[in-house]
Amino acid sequence: MKEHSVKLSLLRHLASGEFCSGELLGAELGISRAAVSKHIKGIQEWGIDIFRVQGKGYQLAQSLNLLDATQIQNAVRNPVELFPIIDSTNQYLLERVDNLASGSVCLAEYQANGRGRRGRQWISPFGSNLYVSMYWRLDAGMAAAMGLSLVVGVAIVEALASIGFDGVRLKWPNDLYFQDRKLAGILVEMTGQAGAAAHLVIGMGMNIFMPENEQAIDQPWASLSQVAAGLKIDRNLLAIVFIQSLDQALRDYELYGMKDFIPRWNRLDNFIGRKVKLLMGPKEVYGVVHGINEYGAVLLETENGMESYIGGEISLRKAE
Ligand code: ATP
Ligand code: BTN
């Protein structure tokens, strides 16, 4: 933990994007220049680009707009915890559901083990994106949890639009897309027993200022910085509007169900009217997307007529 705190102090000194010499950094932190160099290497392993220029010192490739727990907490009714480093914000909440108030939020600047669906990795460099999870207790039980990732997607896209980020769309069942590239992913995980309340953890990872040279993502991706060129991006404001919008959408869903969300989803569906394929293990189904139904299933017009598909094992892809 001490090791992390040195790296975090170094980052705070460099956050503005100005050059800072190794000597000065060492003096400020009470460590040697060699130790500064070692910690800088460690920071680079968190996915942050730092340059070293002879005679000038270290500089971040892009300035950092770090999250501020107090600012976020003051703006939302939900209990909020912010960690600089965590394995996974979803995992953190899942391990604590018995002691959390419904609506509790966990945010992190870096995830060492961020995850997507079916155990896939979510690339989570430090300070450049958003990683946020919310715990929600659903008294109606697990069956009512179907379709929830769709409700969350609608809430997040509408929250973005409310602060000027237009053009973000949804890919069934759990992705946000911008210009046919993945901007964000949603992961809903659950514990609980049949017949009892469901403990849901809803996680969202959104690329905000993903370093351009990110190589580890094996599909086309986008960052929010590309969505509204010129619009100032404030990560704290984004975290606040996402938490507020998610909280409201989950309350509405509990009270009124999916009904209201169907037209809202269909307006934002990236593939509506377009030809796609659904991958289900070895099986592929081709068809044209007609939005979603009241269970959260995707509607596909296939050669056999209109069909609905639902389930966590299905992946939707653009048909070539
Ligand atoms: P589907 O769930 O429909 O199969 P998917 O391929 O996007 O879609 P997910 O499990 O939803 O799969 O998401 C994980 C995938 O997302 C990873 O395998 C990787 O391709 C991609 N990915 C990982 N990190 C990021 C990121 N920060 N931004 C965009 N995409 C990412
Ligand atoms: C996906 O596209 O498969 C979903 C990606 C979800 C990533 C977020 S980041 C915050 C939360 N913590 C995790 O480990 N995963 C989710």
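Just follow the structure's listing: the first ligand is 1, and inside any ligand the first atom is 1.
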Tell me whether [X] has any N or O atom under 3.5 angstrom from an N or O of ligand 2.
X      : value
Trp122 : no
Thr89  : yes
Arg115 : yes

Look at [X] together with [Y] and state whether they make a salt bridge at an N to O cut-off of under 4.0 Å.
X      : Y      : result
Glu294 : Lys259 : no
Lys318 : Asp180 : yes
Arg115 : Glu189 : yes
Arg235 : Glu109 : yes

Among all the protein's non-hydrogen atoms, which is closest to [atom], and how far away is it?
atom                    : result
atom 4 (O) of ligand 1  : Ser315 OG, 2.5 Å
atom 30 (N) of ligand 1 : Ile217 CG2, 3.5 Å
atom 3 (O) of ligand 2  : Arg117 N, 2.9 Å
atom 16 (O) of ligand 1 : Gln219 NE2, 3.3 Å
atom 10 (O) of ligand 1 : Arg120 NH1, 2.8 Å
atom 19 (C) of ligand 1 : Asp218 OD1, 3.3 Å
atom 7 (O) of ligand 1  : Lys182 NZ, 2.6 Å
atom 23 (C) of ligand 1 : Gln121 O, 3.3 Å

Classify the contact between [X] and ligand 1 as side chain, backbone, both or neither, using a heavy-atom distance cut-off of under 4.0 Å.
X      : answer
Asp175 : side chain
Leu279 : neither
Trp221 : side chain
Arg317 : side chain

Enter the distance from Tyr253:OH to Leu255:CG here, rounded to the nearest 0.5 Å.
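Tyr253 atom OH to Leu255 atom CG measures 12.5 Å (nearest 0.5 Å).
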To the nearest 0.5 Å, tell me how far Gln62 CD sits from Glu212 CD.
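Reported to 0.5 Å precision, the distance equals 8.0 Å.
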Numbering as shown, the atoms of ligand 2 that approach [X] to under 4.0 Å (heavy-atom distance):
X      : value
Gly116 : 1 (C), 3 (O), 4 (C), 5 (C)
Ser88  : 12 (N), 13 (C), 14 (O)
Gly114 : 14 (O)
Ile186 : 4 (C)
Ser133 : 11 (C)

Under 6.0 Å between the ring centres of Tyr110 and Tyr131?
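No, too far apart.
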Considering only heavy atoms of Asn207, which atoms of ligand 1 have at least one such atom less than 4.0 Å away?
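So the atoms of ligand 1 that pass are 26 (C), 27 (N), 28 (N), 29 (C).
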Once you restrict to heavy atoms under 4.0 Å, what part of [X] touches ligand 2? Side chain, backbone, both or neither.
X      : answer
Lys182 : side chain
Gln91  : neither
Asp175 : side chain

Have Asn113 and Ser88 got a donor and an acceptor in their side chains that come within less than 3.5 Å?
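Their side chains do not contain a donor-acceptor pair, so the 3.5 Å distance test is not met.
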Might you work through the ring-ring contact (aromatic ring centres under 6.0 Å, His included) test for Phe83 and Tyr92, ending with a clear yes or no?
CA-CA 10 Å; Phe83 296 93; Tyr92 179 82; 4.8 Å; yes
Considering all heavy atoms, the nearest Ala75-Gln244 contact:
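Looking at all heavy atoms of both residues, the closest pair is O-NE2, 2.9 Å.
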Looking only at distance, does Lys171 have an N or O less than 3.5 Å from an N or O of ligand 1?
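Right, the criterion is met.
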Under the 6.0 Å and 45° cation-pi test, does Arg137 pair with Tyr135?
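The answer is no; the distance or angle limit is not met.
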Out of Ile72, Val80, Val132, which one pairs with Leu67 under the side chain to side chain contact (heavy atoms under 4.5 Å, CB included) rule?
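Of the listed options, the one satisfying the test is Ile72.
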Non-hydrogen atom of Glu214 closer than 4.0 Å to ligand 1:
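The answer is no, since Glu214 has no heavy atom less than 4.0 Å from ligand 1.
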Among Asn174, Leu176, Asn129, Asn113, which one puts a heavy atom closest to atom 1 (C) of ligand 2?
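The option holding the nearest heavy atom is Asn174.
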